[in-house]
There are 2 protein chains.
Amino acid sequence: MTAAPPPRHPHPYNRSMSTRPIRTNRRTVYDELRRRVIGLDFGPGAPLSENELAAELGVSRTPVREALIMLAQDGLVQVFPKVGSFVSRVDAQRVSDAQFLREAVELASLDDIPADPDPEVVKELRENLAQQELAADDLDQFFVLDEQFHHGLLRLAHHEGTWQSVVAAKAHLDRARRLGLHDRSLHDFIVQHTQVLDALLTGGAEEARPLMRAHLRAVFDDIERLRARSPELFAPSVGQPTRRNIAVWE
Amino acid sequence: MTAAPPPRHPHPYNRSMSTRPIRTNRRTVYDELRRRVIGLDFGPGAPLSENELAAELGVSRTPVREALIMLAQDGLVQVFPKVGSFVSRVDAQRVSDAQFLREAVELASLDDIPADPDPEVVKELRENLAQQELAADDLDQFFVLDEQFHHGLLRLAHHEGTWQSVVAAKAHLDRARRLGLHDRSLHDFIVQHTQVLDALLTGGAEEARPLMRAHLRAVFDDIERLRARSPELFAPSVGQPTRRNIAVWE
DNA sequence: CTCCGAGTGCTTGTATACAATAACTGTCTA
DNA sequence: TAGACAGTTATTGTATACAAGCACTCGGAG
């Protein structure tokens, strides 16, 4: 085996307490593209040209390219070398796996929520639910509040670090949901959220777990129903890509 | 709300069945750097210079830089704009979260393993365990086999898609383990692996779950014991970085 | 009509030049 | 001595030029 030397480096992190949340163009482009992919502004399978995006966003290829690499790691974009980049298909297996991971993590986290949860976070969750009622017609805003709600539950369990994985999985679920959620009422989901929180605060994890499971399953069932109705939206992402047609108009 | 148009793109993916697993320099550099970070060739907090790495690996800054961006998304590297890139600290909270996610996913997956599991995968798992016995002294090889083993269990549950998240979490756990595993015997872990598989095949998920939980907890306990003994290795990654010293010799 | 092959224009991959900035070093000033 | 301040240098961020490769187009051979 390699010696695996235990190196020690003096002080890579230390003084200068000021937080500097520098916003690079790469980050801005990443956030924007991610929003468009999840919001279906860029549909599954849509071709993404680094040059076009760079021109549209007013930057060079470099930050666009780097943002695409990050999105590819999220599984939201597929890059085919020397061929092209495409928005990932909504793959049924991937959606199923995302659901599985989310369910496993969120249900397990309920067990780690202390009996005396952080009142500050609880207050935020209550306010969040109130806002959900007000935003029951706005799909975009609902998804924002939905993320904050589930994120808050993980914070209660002191497992905020897993949120990154959960939100990555949730991205695939949300994209699938949007494919068929145009006219559906969000009221049921909001009621489920309220039930979960109430059960958690009064009866603890034991009471909340079945309700949370039912809620997550309801989301998944929605997707499964859509898949049964419109299977073409869930085309498997097996095949190889082809370049987009070169032919121009004139 | 935005119209959220459901765009349809003709055929971004279709013909040409030949699989082309093109290996780019970016991918090669990513794999190599990831190996070095997890293998502690690059210790926690070590500075990573894009120029130095490019020179050493014989490529330009571009693939190195893109590989660092990918590693940053994995949480193994932290990039401070205009300051420098550093190997992430082994943060106790992050290790704990990784353990939590891994445990939640792997335990939940046991429930989804069919009573009649894929004999091909089972055969691979058996052979894997035999190899583990032979490699009980080679830490590097053990980690490879360990990954294959846990990956195989997820494949049995038909949740291979979650492996990416699990292996990302496992990376942080393994890095912490290596900090204090130099002389420890791996035999216990191999025995636990065998017990889990045997229990799964004879008694199903019910029998396997407590053994799997005990195994994962044993890994985590190892890390916690190390943290109690050498807390300086787990310095929190709060603070800001400083540039590495410019001073040259002459 | 069919097939084949060169040409062409797009794509991403890589290399490189330059810009912006952070932090250290030394000097100057009080 | 202490502190301010400008200079220096290394760092990453960004832009751009070029390389490599794929897929379509189109013309010609049979």
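Letters A, B, ... mirror the listed sequences (proteins, then strands); counts begin at 1.
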Spacing of B:Phe80 atom CZ relative to D:dA10 atom P, expressed in whole Å: 21 Å
Salt-bridge criterion met for B:Asp31 and B:Arg27 (N-O under 4.0 Å): yes
Candidate pair A:Gln132 and A:Asn128, rule side-chain hydrogen bond (donor to acceptor under 3.5 Å, both in side chains), full reasoning: CA-CA 6 Å; A:Gln132 284 187 36; A:Asn128 178 283; 2.6 Å; yes
With respect to the phosphate group of C:dT14, does any side-chain polar atom (N or O) of B:Asn25 fall under 4.0 Å of OP1 or OP2? yes
Quick one: does A:Asp112's side chain have a donor or acceptor within less than 3.5 Å of a partner on A:Ala157's backbone? no
Rounded to whole Å, the CG-P distance (A:Asn51 to D:dT16) equals 11 Å
Rounded distance in Å - CD (A:Glu50) to C1' (C:dT14): 12 Å
A:Leu53 CG to C:dT12 C1', straight-line distance once rounded to whole Å: 13 Å
Rounded to the Å, how far apart are A:Arg65 CZ and D:dT12 C1'? 17 Å
In whole angstrom, what separates B:Tyr30's OH from C:dT14's C1'? 20 Å
Figure out the NZ/C1' separation between B:Lys82 and C:dA22, and round it to whole Å. 9 Å
With a 4.0 Å cutoff (strictly under), does any side-chain N or O of B:Ser60 reach OP1 or OP2 of C:dA15? yes
Between A:Leu68 and A:Thr62, which is nearer to the 5' end of DNA chain C once each is assigned its nearest nucleotide? A:Leu68
Proximal nucleotide (of D:dG21, C:dA22, C:dA17) relative to the B:Arg61 side chain: C:dA17
Measure distances between side-chain N and O atoms of B:Arg23 and base N and O atoms of C:dG13, and say whether any donor-acceptor pair falls under 3.5 Å. no
From CZ of A:Phe86 over to P of C:dC10, roughly how many Å is that when rounded to an integer? 15 Å
When you get a sec, tell me which of C:dT12, D:dA15, C:dT14 is the closest nucleotide to the side chain of A:Pro63? D:dA15
Below 4.0 angstrom, N of the basic side chain to O of the carboxylate: do B:Arg35 and B:Glu32 qualify? yes
Classify the side chain of B:Arg27 and the base of C:dG13 as holding, or not holding, a donor-acceptor pair under 3.5 Å. no
Which nucleotide in the list C:dG13, C:dA22, D:dA15 gets nearest to the side chain of B:Arg26? C:dG13
Nearest listed nucleotide, side chain of B:Thr24, among C:dG13, D:dT14, D:dT12: C:dG13
B:His172 side chain to B:Gly75 backbone, donor-acceptor under 3.5 Å: yes
